2 protein chains.
Amino acid sequence: MDIWKRFGEKEVSHSMAHYLQAVAALKSDKGHARVVDIADHLGVSKSGVTSMLRSLQSRGLVTHERYGAVELTPSGQRLASRTESNRRVLTMFLSEILGVPEAVASEDACMIEHLVSPEVSIELLRLTTFVRSKHPVAAQFRDAYKASPRSCAEHAPGACELCGETCLHESLVCEPKDGGAEV
Amino acid sequence: MDIWKRFGEKEVSHSMAHYLQAVAALKSDKGHARVVDIADHLGVSKSGVTSMLRSLQSRGLVTHERYGAVELTPSGQRLASRTESNRRVLTMFLSEILGVPEAVASEDACMIEHLVSPEVSIELLRLTTFVRSKHPVAAQFRDAYKASPRSCAEHAPGACELCGETCLHESLVCEPKDGGAEV
DNA sequence: GAACTGTGTTGAGGCAGGTTAACAATCCTG
DNA sequence: CAGGATTGTTAACCTGCCTCAACACAGTTC
């Protein structure tokens, strides 16, 4: 059972995804993406950019000749825009449907944008669209959900279908850290 | 703007999360977690385990003396069970609410289980519980959602609120790969 | 056209997380 | 208790992704 090892075999790593997005963003903002722009945009060194570009080029995601322009290949472009869309869908879902704070939504979206599969993204978009829609059931749903219980403790006793023997909610809640005399 | 760099500064990495989960699982299955068990469980070499244990120990997540037993510390235990709960919540949400195939749900859950913040997990559990519940609105919702449009193309023309200038759905869909003469 | 400034590349090095090979410790059994 | 099998550690090495320092190229400016 080693699904977990496929983490390292993803099409692109977290870093790569952000390099591709940076190139796409710079292209559309300034019309071109130079090494120094990418470096500034991502907050890494120019040499880091150079070596990452080599790596991206070897995967056929960008083109880049010495001292020359950086361009996304079609697959690079596709990956960049898919990642970007994933981020938007995730952020929207997390903040508007789940209702977590903007900052949390953005951060979580950034962490997982390159990891969710297309199937999940598509369904997430569909769910988000539907819940936000004018459909009468969607409106009812939003109200009823707002009023729904916040923890297993508030469920009918012993009726927590999701949790097995132990309450999932409890292990999700952040206990105070060890030395924590936080206010 | 470099949220993206915090990826590497997470409490634990993907690998670490799985080592912790492995230790927890072995402890509860066999009563003990030895190096070789962890190695088998995760499909890595024993030496890899030894060095990862050193790293986890330095972070205060496990205890392990030479040739001795491996134990989770309280923080290690907490992290392991939070990750495990995240996985369960995510899998449930992805497969039952979004309706993606089991295999996809499991894989995606595994990829992101250690990355989602507690706030998101908690709300995800709440949403999942509510949608699955006997609440009359939940039942209506499930039906209406099942019938909801699958793509922007089916939305009222030009009324795709989520997508900005370009349709998100289009960029999420997997186009056929370059050389693809797949059946 | 020499000098200065900005841009890009190379090289050496660090840390994480894996590998294999060799060896050390422990345990099991005749 | 000797030998062999199992278990655990170390050492050397690899890749990914980053850093800094040094150098190469390009574009002003005088």
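Worth saying up front: this structure is predicted, and the values here are computed from it rather than measured. Every chain is numbered from 1 and lettered A, B, ... according to where its sequence line falls, protein lines coming before strand lines. Values below: every heavy atom of this structure, side chains too, minus hydrogens, waters and symmetry copies.
- For Tyr67(B), whose side chain is taken as the heavy atoms from C-beta onward, the closest listed nucleotide among dT9(C), dA25(C), dT19(D) is dA25(C).
- Between the CG atom in Asn86(B) and the CZ atom in Arg82(B) there is a gap of 6.5 Å [rounded to 0.5 Å].
- Among the heavy atoms of the strands, none lies under 4.0 Å from Phe7(B).
- Counting to the nearest Å, the C1' atom of dT6(D) and the CG atom of Asp40(B) are 12 Å from each other.
- Spacing between atom CD of Gln57(A) and atom P of dG16(D) amounts to 16 Å, rounded to whole angstrom units.
- In this structure, CE of Met52(B) is placed 14 Å from C1' of dT19(C), rounded to the nearest angstrom.
- Arg66(B) places its CZ atom 9 Å from the C1' atom of dA25(C), with the value rounded to the nearest Å.
- Backbone-only contact: His64(B) has heavy atoms under 4.0 Å from sugar-phosphate atoms and none from a base.
- Heavy-atom distances to DNA chain D give each of Gly48(A) and Val35(B) a nearest nucleotide, and the one nearer the 5′ end belongs to Val35(B).
- Under the 4.5 Å side-chain heavy-atom criterion for grouping Ile, Leu, Val, Met, Phe, Trp and Tyr, Ile3(A) is connected to Ile112(B) within one hydrophobic cluster.
- In this structure, NZ of Lys46(B) is placed 11 Å from C1' of dA5(D), rounded to the nearest angstrom.
- Geometric assessment of Arg142(B) against the ring of Phe141(A) yields a negative cation-pi assignment under the 6.0 Å and 45° thresholds.
- A donor and an acceptor atom sit less than 3.5 Å apart, one in the side chain of Ser47(B) and one in the base of dT20(C).
- Ring-plane geometry between Phe7(A) and His14(B) is classed as parallel, the angle between the planes falling under 30 degrees on a 0 to 90 degree scale with a further cut at 60.
- Interface remark: the Ser55(A) side chain does not form any donor-acceptor pair with the dC17(D) base, using a distance-only criterion of under 3.5 Å.
- For the pair His14(A) NE2 and dG17(C) C1', the computed distance is 18 Å after rounding to whole Å.
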Full working for salt bridge (Lys or Arg N to Asp or Glu O under 4.0 Å) between Glu9(A) and Arg6(A)
CA-CA 5 Å; Glu9(A) 296 162 11; Arg6(A) 292 210 280 274; 5.7 Å; no
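- The side chain of Met16(B) has dG17(C) as its nearest neighbour among dG17(C), dA24(D), dG8(D).
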Test Glu11(A) against Arg59(A) for salt bridge (Lys or Arg N to Asp or Glu O under 4.0 Å), laying out the working first.
CA-CA 9 Å; Glu11(A) 220 168 348; Arg59(A) 287 165 202 250; over 6 Å; no
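- The side chain of Ser15(B) lies closest to dG17(C), out of dC18(D), dG8(C), dG17(C).
- Note on Tyr19(B): every side-chain N or O is 4.0 Å or more away from OP1 and OP2 of dA16(C).
- Between Lys5(B) and dT19(D) there is a side-chain N or O to OP1 or OP2 distance below 4.0 Å.
- Asp37(A) places its CG atom 14 Å from the P atom of dG6(C), with the value rounded to the nearest Å.
- Residue-level contact check: Ser13(A) touches the backbone only, with heavy atoms under 4.0 Å from sugar-phosphate atoms and none from bases.
- Put simply, CZ on Arg54(B) is 14 Å from C1' on dG18(C), counting in whole angstrom units.
- Contact between the side-chain N/O atoms of Arg34(B) and the OP1/OP2 oxygens of dT7(D) is found at a separation under 4.0 Å.
- Summary of the strand contacts: Val36(B) and Ser45(A) both lie near DNA chain D, and taking for each the nucleotide with the nearest heavy atom, the more 5' one is attributed to Val36(B).
- Looking at the side chain of Trp4(A), the nearest of the listed nucleotides dC17(D), dG18(C), dT9(D) is dG18(C).
- Residue Arg59(A) has its side chain nearest to dG16(D) when only dC18(D), dG8(D), dG16(D) are considered.
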